[in-house]
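Since the structure comes first, as structure tokens, the remarks are kept for the end.
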Amino acid sequence: MGLPRRAGDPAELRKSLKPLLEKRRRARINESLSQLKGLILSLLGRESSHFSKLEKADILEMTVRFLQELPASSCPTAAPTPCDSYREGYRACLARLARVLHSHRVLEPAASARLLEHLRRRAASATPDSGRAGDSCGPPAPSPPPAPLPPAPPRDPGLWRPW
């Protein structure tokens with residue numbers, strides 16, 4: 001026979017805590033299954049009163065079947081590719097530039113329109129690497145060289161702006 005264990009012995013503590021931890025773990029599982037049951041029944045359009053005594057396995061099977069039947073388009077997609085992200089950023093920047101050019105009248109309307117049209121054409125073939133070979137998101141579309149913009153006359157000769 002061995003020595004009697006003290007009350008503070010780590011092995012004894014583990015033995016006394018194990019049932020409590022297991023009880024908490026099972027309570028968490030059951031709570032999550034209960035929430036999942038409510039969610040899946042509402043998504044399937046069924047009343048939970050008719051399905052009050054579903055087994056855990058039934059809840060999980062219903063959920064798996066529901067998720068498998070979801071069309072691929074309604075599932076959240078993975079993070080956008082760098083190319084898509086670049087194009088979205090380019091378009092957002094272009095939209096913001098159009099608002100600024102329109103609201104602040106930085107350029108003459110004709111020059112502003114030509115600039116925006118050129119940038120829109122570039123947006124159609126925009127790539128994160130600016131068209132470097134072998135690393136683009138698709139074949140770069142040929143774009144004509146931009147027409148030179150005539151210098152806009154200064155609006156206020158007393159105020160010099162470098163832009």
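Side chains are part of it too, since the values below use all heavy atoms of this structure and drop only hydrogens, waters and symmetry mates.
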(message) According to a hydrophobic-cluster definition based on side-chain heavy atoms being under 4.5 Å apart (Ile, Leu, Val, Met, Phe, Trp, Tyr only), do Ile29 and Val64 belong together?
(response)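 Result: no, two separate clusters.
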What's the separation between atom [atom1] in [X] and atom [atom2] in [Y], rounded to the nearest 0.5 Å?
X	Y	atom1	atom2	result
Ser112	Leu97	OG	CG	7.0 Å
Leu94	Arg99	CG	CZ	10.0 Å
Leu17	Leu13	CG	CG	4.5 Å
Ile59	Ile40	CD1	CD1	10.0 Å

(message) Glu55: which residues meet the side chain to side chain contact (heavy atoms under 4.5 Å, CB included) condition with it, sequence neighbours left out?
(response)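 By the side chain to side chain contact (heavy atoms under 4.5 Å, CB included) rule, Glu55 matches Asp58.
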(message) Please determine whether side-chain contact (heavy atoms from CB on, under 4.5 Å) holds for the pair Leu60 and Leu36, giving the CA-CA distance in whole Å, both sets of side-chain angles, and the decisive distance to 0.1 Å.
(response) CA-CA 8 Å; Leu60 292 173; Leu36 186 58; 4.2 Å; yes
(request) Please report the shortest heavy-atom distance between Lys53 and Lys37, naming the atom on each side. (result)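 Scanning both residues, the minimum pair turns out to be N-NZ, 4.4 Å.
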(request) Write out all pairs satisfying salt bridge (charged side-chain N to carboxylate O under 4.0 Å, His left out) with one or both partners inside residues 19-30, taking only residues at least two apart or from two chains. (result)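 Qualifying pairs, neighbours excluded: Glu22-Arg25, Glu22-Arg26.
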(message) Determine whether Met62 and Leu41 satisfy the following criterion, side-chain contact (heavy atoms from CB on, under 4.5 Å), listing intermediate values before the conclusion.
(response) CA-CA 9 Å; Met62 289 171 70; Leu41 289 177; 3.6 Å; yes
